[in-house]
Amino acid sequence: MCGIVAYLGEKQAYPILINGLRRLEYRGYDSAGVALLEGDALTIYKCQGKVSDLESHINGRSTVGTVGIGHTRWATHGPPNDVNAHPHQGTSGDLALIHNGIIENYAPIKEELVHRGHVFRSDTDTEVLVHLIDDIQRSENVDLAEAVRLALSNVVGAYAIVVIDRKDPEVMVAARKSSPLVIGIGEGEFFCASDATPIVEHTKNVVYLEDGEIAVIDRTKGLKIRNIKNQVKTPFIQELEMQLEALEKGGYDHFMLKEIHEQSRSIRDSMRGRLNLGKGEVVLGGIKDYEQKFVNAKRILILGCGTSWHAGMVGEYLFEEFARIPVEVEYASEFRYRNPIVNEDDIVIAISQSGETADTLAAIELAKGRGAMIIGICNVVGSSIARVTHAGSYTHAGPEIGVASTKAFTAQVTVLTLMALMIGQKRGTLSGGNFYRLLNELDAIPDKVQKVLQKEAQIKYIADIYKDASNALYLGRGYTFPVALEGALKLKEISYIHAEGYPAAEMKHGPIALIDEAMPVFVIATKGASYEKVVSNIQEVKARKGKIIAIVTEGDTMVKDLADHVIEIPETADPLVPLLSVVPLQLISYHIAVMRGCNVDQPRNLAKSVTVE
Ligand code: G6P
């Protein structure tokens, strides 16, 4: 996600901010900006592109200021461009604000502010926040810290923010909820950042801001923390143990591992503002205008490539079960070169992490030309696919840098689940009780993913046993068949071990011939509709001396007795099992690849975004 860095002290802020933004580059971003404050002079520079582009843009211009804020943006609301880059300003021009997160209720707040005469320049949710603070400061006649507190009391969503004010250059205000923010305390100087990487070279003393806390950093009075209810909090100063060398990739050895570990948060971000348990509804703002067409669809066509195609397969099961609409999932590359039958009452869902995959783009154009309505599920905001589709829902997974897709898959499945639930409810094909039960189960998934991630040591142990295998088989059934395909893809992509995913029962029609004592067979055997059948398939593998590594539901005993290893995952509803069961398979592949000395983040011959057919 985006990166935040800020400084208040005696030194010139600009070099510290630029250096800090470079340290945060590993997070991924598409634009960058800084605001510098000296006396009552507030200067803002921002542009699309890299930190080096920002430096060239600033080159030769004034960078004076002992207070400053810097930001790298990864677009969520509005395409990556100069105007949408942070910092943002309110109507008065006194404030500059940087933000990491998503403001869920930005639309009604914006409407109210427009009504009050505010003029917006960008498409971002962030700009709403700075206008709101600006408005409150004036209408209530309060200082910056109080205006921030009052504004945040009206905001639903996730944020880490830092704000500075031309009228009060001695003060910097920071706040957080669900997005991390660290404050560094040096000798007569303070730093704020999304993580400790830009801070550690300046000071080891840090305070991790808690959810709902607002920090007021005053040049003379120092650091004071209050919460949103205006209660005073005592800052807990910790000493950083992080070494400078460990800063890249936020402390993880590889982007892929970092992205696997981000999934609890990224799934939550995919649902943010969309799943409303209180009201018992799913709202997908991006497809709202097309809802009725979706509800009346005679058929859904899902298009994608690679991992996105696997997510589409999970989508097939979801839409057919919840909404009772027939679904076909197609490789975009095959679809575009057939003479496919596309009807005007078909809905086409195009799935793409990058939003740039050439085959998916061409397939969309073909379907569009035949009159279908196209809905995009993309991760990269403003990407080509996001632009050519009629409507869509972003996955909000944050930038994915490892070539092997991990958090994008779970985010795509999350969005597909939300869509299928919403359409099922509106079509009346999903009973109210079932709909509500599934909403609750979905809401609990991020915490359950976290529990799965805690099994990493055990998964690493299993990886060590099978790291020298030449072949591997992955089996699943129903909702977990696409997970078996995805597990096999992850292993072959990054470890170069030949792996195949199969529907468990189909094994008998070929792959069973390959099974011997050297063959690891990964089976997703969670409790659910196909459990007993999968147990029989496990027995068939055992009879041929294959090694079974089973993903099972917590507390399972039957498979435990049969398998060589079991990895337990928390219980959930059948349709949500893919979101949990894929995680141990990602981790197994990662650790096997590392043990084999492979370049995990950039596997040979593969590209992150395939923009040629
Ligand atoms: C490439 C990537 C895969 C990805 C596929 C589709 O092959 O290496 O990780 O799943 O393209 O990409 P998309 O960006 O359209 O999801």
Side-chain angles (χ1 to χ4, degrees), residues 28 30 74-75 80 254-260 262-263 266 270 301-315 329-336 348-367 374-389 392-416 482-496 499 501 578 582 585-586 589-590 593 598-613:
D30 45 48
W74 196 78
H254 298 95
F255 284 113
M256 183 181 176
L257 188 61
K258 167 181 163 278
E259 286 155 9
I260 291 172
E262 277 173 350
Q263 287 178 106
S266 54
S270 304
L301 270 165
I302 303 183
L303 306 174
C305 302
T307 291
S308 297
W309 183 78
H310 293 158
M313 285 192 69
V314 180
V329 189
E330 301 260 9
Y331 284 118
S333 55
E334 284 296 310
F335 180 84
R336 65 180 287 199
V348 172
I349 302 179
I351 308 177
S352 174
Q353 186 287 128
S354 62
E356 301 297 344
T357 302
D359 282 323
T360 312
L361 255 172
I364 292 170
E365 294 296 359
L366 174 65
I374 324 280
I375 290 175
I377 298 182
C378 297
N379 197 33
V380 178
V381 171
S383 54
S384 305
I385 292 177
R387 280 184 276 123
V388 300
T389 44
S393 297
Y394 284 116
T395 46
H396 294 316
E400 193 179 65
I401 293 164
V403 166
S405 187
T406 52
K407 65 174 178 170
F409 174 78
T410 45
Q412 289 163 345
V413 172
T414 303
V415 170
L416 285 162
V483 177
L485 294 179
E486 178 60 8
L489 177 64
K490 287 294 85 98
L491 188 71
K492 69 184 121 184
E493 278 184 309
I494 60 169
S495 75
Y496 317 138
V582 75
L585 300 182
Q586 296 167 342
S589 303
Y590 169 80
C598 300
N599 182 346
V600 172
D601 282 334
Q602 276 156 354
R604 69 182 179 208
N605 307 339
L606 294 179
K608 182 72 191 155
S609 173
V610 181
T611 52
V612 290
E613 65 170 281

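Keep in mind it's a predicted model, so treat the numbers as computed, not measured. Just follow the structure's listing: the first ligand is 1, and inside any ligand the first atom is 1.
- Remark: distances from the non-hydrogen atoms of Val403 to ligand 1 include one below 4.0 Å.
- Near Gln353, meaning under 4.0 Å from one of its heavy atoms, ligand 1 places the atoms 13 (P), 14 (O), 15 (O), 16 (O).
- Every atom of ligand 1 with a heavy atom of Ser405 under 4.0 Å away is listed here by number and element: 9 (O).
- Thr410 and Gln263 are linked by a side-chain donor-acceptor pair at a separation below 3.5 angstrom, with hydrogens and angles left out of the test.
- For the residue pair Thr307 and Glu486, a side-chain donor N or O sits within less than 3.5 Å of a side-chain acceptor on the partner.
- Nearest protein heavy-atom neighbour of atom 8 (O) of ligand 1: Ala607 O, 2.8 Å.
- Aromatic ring pairs are classed by plane angle as parallel below 30°, tilted from 30° to 60° and perpendicular above 60°; the pair Tyr331 and Trp309 is parallel.
- Scanning Ala358, Cys378, Ser354, Ser308 for the heavy atom closest to atom 16 (O) of ligand 1 points to Ser308.
- The single protein non-hydrogen atom nearest to atom 6 (C) of ligand 1 is Cys305 O, 3.3 Å, given as residue, atom name and distance.
- Glu400 and Thr406 make their closest contact through OE2-N, 2.8 Å (heavy atoms, listed as atom of the first residue, atom of the second, distance).
- The heavy atom nearest to atom 13 (P) of ligand 1, out of those in Asn379, Leu303, Thr357, Ile377, is found in Thr357.
- Nearest protein heavy-atom neighbour of atom 7 (O) of ligand 1: Val610 CG2, 3.9 Å.
- Distances below 4.0 Å separate heavy atoms of Thr307 from the following atoms of ligand 1: 10 (O).
- Taking 4.5 Å as the limit, some side-chain heavy atom of Phe335 sits within range of a side-chain heavy atom of Leu301.
- Considering all non-hydrogen atoms of both residues, Asp601 and Met256 come closest at OD1-N, 2.9 Å.
- Using modelled atom types, one side-chain atom of Glu356 and one backbone atom of Ser384 make a donor-acceptor pair closer than 3.5 Å.
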